Engineer: 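The structure that follows is given in the form of structure tokens.
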Protein chains: 2
Amino acid sequence: MRISEASAMSGLSVDTIRYYEKSGLVPAIERGSDGLRRFSPENIEWLVLLYWLRKTGMPMKEMRRFAALYREGEDSIAERKAVLLKHEERLRRRRADLDRCSEVLAYKIATYRKIEGEPS
Amino acid sequence: MRISEASAMSGLSVDTIRYYEKSGLVPAIERGSDGLRRFSPENIEWLVLLYWLRKTGMPMKEMRRFAALYREGEDSIAERKAVLLKHEERLRRRRADLDRCSEVLAYKIATYRKIEGEPS
DNA sequence: TTACCCGTCTGGAGCGACTCCAGGTCAAGC
DNA sequence: GCTTGACCTGGAGTCGCTCCAGACGGGTAA
């Protein structure tokens with residue numbers, strides 16, 4: 001599978017995939033005899049995971065660490081699990097932020113409605 | 001109130017507040033005779049709102065537009081409300097992303113637990 | 001009174017995470 | 001054989017901060 005399809009499947013842009021490879025987040029993709037990248041199903045699965053981690057706020061630095069563990073193989077399973085558990089904690093905090101922001105918005109919007117209801 | 005206190009109250013860093021002023025997100029803060037910024041309670045309320053909008057993913061460009069409307073006064077209430085309603089929609093999408101990511105993590109973590117349960 | 005902090009100021013450099021672009025290669029279709 | 005389109009690389013540009021150097025001014029302490 002080539003890079004445009006990998007992009008469509010993972011949600012990452014073509015540029016981002018190349019950038020992630022350069023940055024060591026993706027374990028060097030194989031090349032065909034034409035010099036083009038060929039993505040395996042495991043590559044895709046990995047990209048999808050990166051997509052979600054990144055989209056929900058995991059910093060690149062932590063993703064690089066996670067990628068390094070992945071390259072180490074099964075010995076690093078416990079540490080990888082720890083990274084994901086930590087990210088779950090981050091998701092909880094983000095949900096709390098969204099909820100708090102919703103409250104702030106609800107208050108502001110209510111204020112606006114009041115002003116509209118009683119125009120000066 | 002001076003900038004460090006404004007920072008403590010709003011959650012924005014001192015640098016970020018100055019940056020927001022430079023970028024036109026904050027309606028030029030008054031200065032004391034010493035040349036230092038003096039923040040009014042309304043300034044603080046505004047910064048708090050910016051803090052939450054930014055923290056939950058509103059782009060600067062949209063915040064600049066929102067700030068411009070704010071400077072126009074009461075005539076822009078309807079448009080400002082529209083901006084906030086649009087942001088509520090963004091919050092919903094972000095919650096959906098967090099939920100989807102939680103699913104992906106749960107699946108991955110379960111896989112890891114299985115591998116740990118049956119070490120090679 | 002002089003010395004030294006402290007918090008503030010400005011302008012500008014640096015950074016993380018992309019995003020876009022110029023210029024080049026190659027395979028396939030007309 | 002020529003164009004088109006997907007891909008390649010290296011590097012510049014962008015957004016949203018963050019940090020830093022160098023200067024100023026007020027308050028305390030020796």
Side-chain angles (χ1 to χ4, degrees), chain A residues 1-26 28-40 43-44 46-68 83 87 90 94 97 101, chain B residues 1-26 28-40 43-44 46-68 83 87 90 94 97 101:
Chain A
M1 183 181 320
R2 306 208 301 200
I3 199 166
S4 58
E5 202 178 346
S7 164
M9 309 240 63
S10 66
L12 296 169
S13 79
V14 166
D15 274 323
T16 300
I17 293 173
R18 286 197 278 251
Y19 169 66
Y20 279 5
E21 192 189 9
K22 245 189 273 179
S23 326
L25 265 74
V26 178
I29 305 300
E30 276 185 48
R31 305 289 181 123
S33 56
D34 49 8
L36 306 187
R37 291 175 183 82
R38 290 300 138 97
F39 294 78
S40 69
N43 288 155
I44 300 298
W46 180 248
L47 290 178
V48 168
L49 182 52
L50 292 186
Y51 170 80
W52 284 109
L53 293 178
R54 193 64 206 90
K55 186 159 198 183
T56 53
M58 182 180 287
M60 292 272 297
K61 194 174 169 186
E62 201 169 326
M63 290 181 31
R64 263 194 295 278
R65 169 165 160 64
F66 188 56
V83 171
H87 192 61
R90 187 158 20 218
R94 292 215 153 202
D97 285 343
C101 186
Chain B
M1 183 179 323
R2 305 209 302 201
I3 200 166
S4 59
E5 203 178 345
S7 164
M9 309 239 63
S10 66
L12 297 168
S13 78
V14 166
D15 275 324
T16 300
I17 293 173
R18 286 198 278 250
Y19 169 66
Y20 279 6
E21 193 189 6
K22 244 188 273 180
S23 324
L25 266 74
V26 179
I29 304 300
E30 276 185 48
R31 304 292 181 121
S33 56
D34 49 7
L36 304 188
R37 291 174 183 83
R38 290 301 138 95
F39 294 79
S40 69
N43 288 155
I44 300 299
W46 181 248
L47 290 178
V48 168
L49 182 53
L50 293 186
Y51 170 80
W52 285 108
L53 293 179
R54 193 67 204 86
K55 186 161 199 182
T56 53
M58 182 180 286
M60 292 271 295
K61 193 175 169 185
E62 202 169 325
M63 289 182 27
R64 262 194 296 277
R65 169 164 159 65
F66 188 57
V83 171
H87 191 60
R90 185 155 25 215
R94 294 215 150 200
D97 286 343
C101 184

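Residue numbering restarts at 1 for every chain, and letters A, B, ... go by the order of the sequence lines. Keep in mind it's a predicted model, so treat the numbers as computed, not measured. Keep in mind that the numbers below use all heavy atoms, side chains included, and drop hydrogens, waters and symmetry copies.
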Engineer: Return the value, rounded to whole Å, for the distance between atom OH of Y20(A) and atom C1' of dC18(C).
Structural biologist: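 Roughly 8 Å, once rounded to whole Å.
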
Engineer: Which residue pairs pass the salt bridge (Lys or Arg N to Asp or Glu O under 4.0 Å) test when at least one of the two sits in residues 4-15 of chain A, sequence neighbours left out?
Structural biologist: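 Every pair satisfying salt bridge (Lys or Arg N to Asp or Glu O under 4.0 Å) with a residue in residues 4-15 of chain A: D15(A)-R18(A).
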
Engineer: Ignoring hydrogens, what is the shortest heavy-atom contact between W52(B) and C101(A)? Give both atom names and the distance.
Structural biologist: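 Result for this residue pair: O-SG, 3.8 Å.
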
Engineer: Residues in ring-ring contact (aromatic ring centres under 6.0 Å, His included) with W46(A), at least two apart?
Structural biologist: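 Checked W46(A) against ring-ring contact (aromatic ring centres under 6.0 Å, His included); matches are F66(A), Y70(A).
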
Engineer: Determine the minimum heavy-atom distance between I17(B) and S10(B), stating which atoms define it.
Structural biologist: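 Closest pair (atom of I17(B), atom of S10(B), distance): CD1-OG, 4.1 Å.
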
Engineer: Can you give me the closest heavy-atom contact between I29(B) and R38(B), atom names plus distance?
Structural biologist: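 For I29(B) versus R38(B), the nearest heavy atoms are CG2-O, 3.4 Å.
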
Engineer: What is the distance, rounded to the nearest whole Å, between atom CG of L47(A) and atom P of dC18(C)?
Structural biologist: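 In whole Å, dC18(C) P lies 13 Å from L47(A) CG.
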
Engineer: So which atom in H87(B) and which in G57(B) form the shortest heavy-atom distance, rounded to 0.1 Å?
Structural biologist: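 In terms of heavy atoms, the two residues are closest at CE1-C, 4.3 Å.
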
Engineer: Tell me the interatomic distance from I3(A), atom CD1, to dT19(C), atom P, rounded to whole angstroms.
Structural biologist: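 Distance, rounded to whole Å: 14 Å.
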
Engineer: What is the separation between atom CD1 on I29(A) and atom P on dT9(D), rounded to the nearest whole Å?
Structural biologist: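 It works out to 12 Å between those atoms.
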
Engineer: Contact class for R38(B) (heavy atom, under 4.0 Å): base, sugar-phosphate, or nothing?
Structural biologist: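 Result for R38(B) = nothing.
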
Engineer: Atom CD of E21(B) to atom C1' of dC9(C): distance rounded to whole Å?
Structural biologist: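 Nearest whole value for this atom pair: 11 Å.
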
Engineer: Mind checking if D15(A) touches a base, just sugar-phosphate, or nothing, with heavy atoms under 4.0 Å?
Structural biologist: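 Contact class for D15(A): base.
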
Engineer: dA6(D) P sits how many Å from R31(A) CZ, rounded?
Structural biologist: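 One finds 18 Å between P of dA6(D) and CZ of R31(A), rounded.
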
Engineer: Looking at T16(B), does any N or O in its side chain come under 4.0 Å of the phosphate oxygens OP1/OP2 on dG16(D)?
Structural biologist: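 Indeed not, no polar side-chain atom of T16(B) lies that close.
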
Engineer: Counting only non-hydrogen atoms, which of residues 49-64 of chain B are less than 4.0 Å from DNA chain D?
Structural biologist: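 Listed by number, they are R54(B), P59(B), M60(B).
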
Engineer: Separation of M1(A) atom CE from dA6(D) atom P, in whole Å?
Structural biologist: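 It works out to 17 Å between those atoms.
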
Engineer: Atom CG of L36(B) and atom C1' of dG25(D): how far apart are they, to the nearest Å?
Structural biologist: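 Interatomic distance, CG of L36(B) to C1' of dG25(D): 8 Å.
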
Engineer: Between dT8(C), dT10(C), dC8(D), spot the one nearest the side chain of R37(B), thanks.
Structural biologist: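 The answer is dT10(C).
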
Engineer: Would you say that S23(A) contacts R64(A) through its side chain, given a criterion of any heavy-atom pair below 4.5 Å between the two side chains?
Structural biologist: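 Yes, close enough: below the 4.5 Å cut-off.
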
Engineer: Please pick, from dC17(D), dC8(D), dG7(C), the nucleotide with the shortest atom-to-atom distance to any side-chain atom of S4(B).
Structural biologist: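 Side chain of S4(B) sits closest to dG7(C).
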
Engineer: Between G35(B) and Y19(A), which residue's closest nucleotide on DNA chain C lies nearer the 5′ terminus?
Structural biologist: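 Upstream on the strand: G35(B).
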
Engineer: Within the structure shown, what part of the strands sits under 4.0 Å from R18(B) by heavy-atom distance: base, sugar-phosphate, or nothing?
Structural biologist: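 If one applies the 4.0 Å heavy-atom cut-off, R18(B) turns out to touch a base.
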
